[in-house]
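Notes to accompany the following structure.
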Amino acid sequence: MQDQYILAFDQGTTSSRAILFDRGGNIVSSAQKEFRQIYPQPGWVEHDAQEIWAGQVGVAAEALARAGIPGSQVAAIGITNQRETTVVWDRDTGQPVYNAIVWQDRRTAPFCDEIRARGLADSIRDKTGLLVDAYFSATKVRWILDNVPGARARAEAGKLAFGTIDSWLIWQLTHGQVHVTDVSNASRTMLYNIHSLQWDDALLDIFGIPASMLPAVKSSSQVYGHTHAAHLGVAVPIAGVAGDQQAALFGQQCTTPGMVKNTYGTGCFMMMNTGDTPITSHNQLLTTIAWQVGDKVQYALEGSIFIGGSVVKWLRDGLGIIKQSSDVGPLAAQVADSDGVYLVPAFAGLGAPHWNANARGTLVGMTQGTGAAHIARAALDSIAFQTMDVLGAMQADSGITIAELRVDGGACVNNVLMQFQSDILRTQVARPKVTETTALGAAYLAGLAVGYWQSTDDIQGQWQLDTRFAPALPQEVVDRYVAGWQRATRAAIGWANDQA
Ligand SMILES: Nc1ncnc2c1ncn2[C@@H]1O[C@H](COP(=O)(O)OP(=O)(O)O)[C@@H](O)[C@H]1O
Ligand SMILES: O=P(O)(O)OC[C@H](O)CO
């Protein structure tokens, strides 16, 4: 028999990737395509769901072509996706009724304020593990139903379907035959009870969403359906689905309670595996479903940082002090430290553990001697400091002191950042050889479902260390840096709260 492979779709916020993996978890080939970010108004972020679909299926074909592998040698497809992003489409035509409303979109923040004012936040949190915020899908679906002419009536007549991007892609791949999601994506909608593992009628009522719109919720590793032969030449089983952060946790093989990964992408997303126990946070973290394999549901604690690697983009595109992202390391390395300069990149408010929607970017501590290198250094430091705040909250909530932070995402290639991260966390930071852990996690989930890998034992040895960073800075220096950061954060929040 010819060699078989697993094809992972990694549908992210700014680009769609397809990666082909072999049995050893090695990358055989990949293809990637960026797509348009649509900003109709300040604070609004949309994607064209059709463009995402066309791009994703295009990169899948391209990845196979590059490896010279036909669809018949793909044992299964795993899908992982930007989470919360909301698509509503017509069941008959398969056409979206509105652009996808992206997780970053803040248009429903006033409605979230209303929900909190009605005293509903605690019960929503108890059921979903989430804080009431525009980030999650529920208020986005409601917005579409309220603002697209005729949408509510069509939804009530059972004509419209809702899905996160995983559901949308599966619907397209199966030509409208399969409308599903997995537990990890469902747990980001703010409509799903993470304890009873069901859509919650009372929540559907609060948000005015007809149950007929919802996908069926499945495990993260099973055959959901087969692709229509039009796409890869043959029908291929779609056998793994997880939200991208959960998939990265799985791909990092953080499969035992207490293991933590941090993904340094546009934002930073830290997750701790908490096993079969959903831990309620007292520090404004989210409780979420990590994945379900077989009948075993695993939970996680999560802290999301809105501006992570994108602060480097801002140095490039906003300030113009670097030409390309990779220039930031050498520029920052020109100085020993930021010399008292702190950047709090609260460009879109602050996420965990502050959740302050009004906070704005703050740059403090400058003197006549401050130059571009100090600002670059402060920008990188801000990624590490925000991560430190989230990890502190996570350790407090779980009572676990972690031994190692596993890292991935575009900005984890930066050694200056990783070393500083280890220094201020006083913890080992471990960067694996394969940093495409999101796609790898989806591939593992799919491969396990079809017997490509027999059990998690088969993949256990595949995580390989690239570089380990160990704390080197003296404690008193770290204490001084951290105290400065905390002052700067207070300044960012104080500036927002001081509005007349
Ligand atoms: N050498 C680098 N140092 C720091 N940040 C970087 C570096 N290279 C890329 N980045 C940042 O990493 C981010 C891209 O990471 P990626 O994981 O591809 O993001 P996403 O999946 O969120 O689109 C960008 O915000 C970019 O600014
Ligand atoms: O597309 P990414 O990798 O930035 O991830 C987005 C997250 O899933 C949003 O919750």
Side-chain angles (χ1 to χ4, degrees), residues 9-17 19 30 32-35 37 45 47 52 56 79-86 100-105 130 133-137 140 164-166 184-185 187-190 242-249 251 261-271 286 288 300 302-319 322-333 345 347-348 351-352 376-377 379-384 387 407-421 431 435-439 441-442:
F9 289 8
D10 179 1
Q11 203 302 298
T13 309
T14 56
S15 75
S16 303
R17 267 181 271 222
I19 304 185
S30 68
Q32 178 171 3
K33 191 167 167 48
E34 292 199 0
F35 54 86
Q37 305 293 310
V45 190
H47 293 157
I52 286 185
Q56 184 66 67
I79 297 180
T80 180
N81 53 290
Q82 55 167 323
R83 306 164 305 163
E84 299 96 15
T85 298
T86 297
I101 302 185
V102 179
W103 58 278
Q104 296 153 322
D105 189 291
L130 306 176
D133 193 88
Y135 178 17
F136 306 106
S137 316
K140 301 181 195 289
T164 39
I165 296 287
D166 54 315
S184 72
N185 276 294
S187 76
R188 314 298 295 188
T189 59
M190 218 158 73
D244 57 9
Q245 303 312 320
Q246 287 92 332
L249 191 70
K261 72 89 196 174
N262 195 30
T263 299
Y264 299 78
T266 306
C268 291
F269 295 90
M270 189 185 291
M271 273 202 167
L286 308 174
T288 202
E302 174 174 328
S304 329
I305 295 164
F306 298 142
I307 305 291
S310 58
V311 74
V312 173
K313 258 196 178 129
W314 176 71
L315 297 181
R316 189 190 67 189
D317 306 336
L319 285 189
I322 52 173
K323 281 213 168 59
Q324 50 195 22
S325 302
S326 56
D327 294 341
V328 68
L331 177 61
F347 302 149
R377 182 74 217 221
L380 285 182
D381 292 355
S382 76
I383 303 174
T387 298
V407 298
D408 52 50
C412 88
V413 297
N414 191 308
N415 290 341
V416 176
L417 171 60
M418 292 300 110
Q419 182 56 51
F420 189 67
Q421 186 71 86
R431 183 170 63 200
T435 54
E436 293 286 0
T437 51
T438 303

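Along the sequence shown, the residues carry numbers beginning at 1. In listed order, ligands and their atoms are each counted from 1.
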Completion exercise
Judged by heavy atoms only, the candidate from Gly308, Ser310, Gly309 nearest atom 26 (C) of ligand 1 is Gly309
Exercise for the section: Can you pull out the closest protein heavy atom to atom 3 (N) of ligand 1? Residue, atom name and distance to 0.1 Å, please. Expected result: Asn414 ND2, 2.9 Å
Exercise for the section: Please could you name the atoms of ligand 2 that Gly12 approaches to less than 4.0 Å, counting only its heavy atoms? Expected result: 1 (O)
Exercise for the section: Among all protein heavy atoms, pick out the one at the shortest distance from atom 18 (O) of ligand 1; state its residue, atom name and that distance to 0.1 Å. Expected result: Arg17 NH2, 3.9 Å
Exercise for the section: May I ask you to identify the nearest protein heavy atom to atom 5 (O) of ligand 2, giving residue, atom name and distance to one decimal place in Å? Expected result: Asp244 OD2, 2.8 Å
Exercise for the section: Could you establish whether Gly329 and ligand 1 come within less than 4.0 Å of each other, counting only heavy atoms on the residue side? Expected result: no
Exercise for the section: For atom 12 (O) of ligand 1, state which one of Ala411, Ala379, Gly12 supplies the nearest heavy atom. Expected result: Ala411
Practice task
Return the residue, atom name and 0.1 Å-rounded distance of the protein heavy atom closest to atom 9 (C) of ligand 1.
Solution key: Ser325 CB, 3.6 Å
Fill in the blank from the handout: Note: Val413, heavy atoms under 4.0 Å from ligand 1, region reported as side chain
Completion exercise
min-distance protein heavy atom vs atom 10 (O) of ligand 2 -> Glu84 OE1, 2.6 Å
Problem - Identity and separation of the nearest protein heavy atom to atom 14 (C) of ligand 1 - result: Gly410 CA, 4.2 Å
Handout entry: Region of Gln245 that comes within reach of ligand 2 [heavy atoms, distance under 4.0 Å]
Key = side chain
Handout entry: Mode of Val328 contact toward ligand 1 - side chain, backbone, both, neither (heavy atoms, under 4.0 Å)
Key = side chain
Fill in the blank from the handout: Closest to atom 20 (P) of ligand 1 among protein heavy atoms sits Thr266 OG1, 3.5 Å
Fill in the blank from the handout: min-distance protein heavy atom vs atom 4 (O) of ligand 2 -> Thr13 OG1, 3.3 Å
Fill in the blank from the handout: Residues at least two apart in sequence or cross-chain that pass salt bridge (Lys or Arg N to Asp or Glu O under 4.0 Å) with Glu84, listed by chain then number, are Arg188
Problem - Heavy atom of the protein closest to atom 23 (O) of ligand 1 (residue, atom name, distance) - result: Thr14 OG1, 2.9 Å
Practice task
Report yes or no: is the cationic atom of Arg83 (NZ for Lys, CZ for Arg) under 6.0 Å from the centre of the six-membered ring of Phe269, at an angle within 45° of the ring normal?
Solution key: yes
Handout entry: Asp381: partners by salt bridge (Lys or Arg N to Asp or Glu O under 4.0 Å), with sequence neighbours left out
Key = Arg377
Fill in the blank from the handout: Numbered in order shown, the ligand 2 atoms found under 4.0 Å of a heavy atom of Tyr135 are 9 (C), 10 (O)
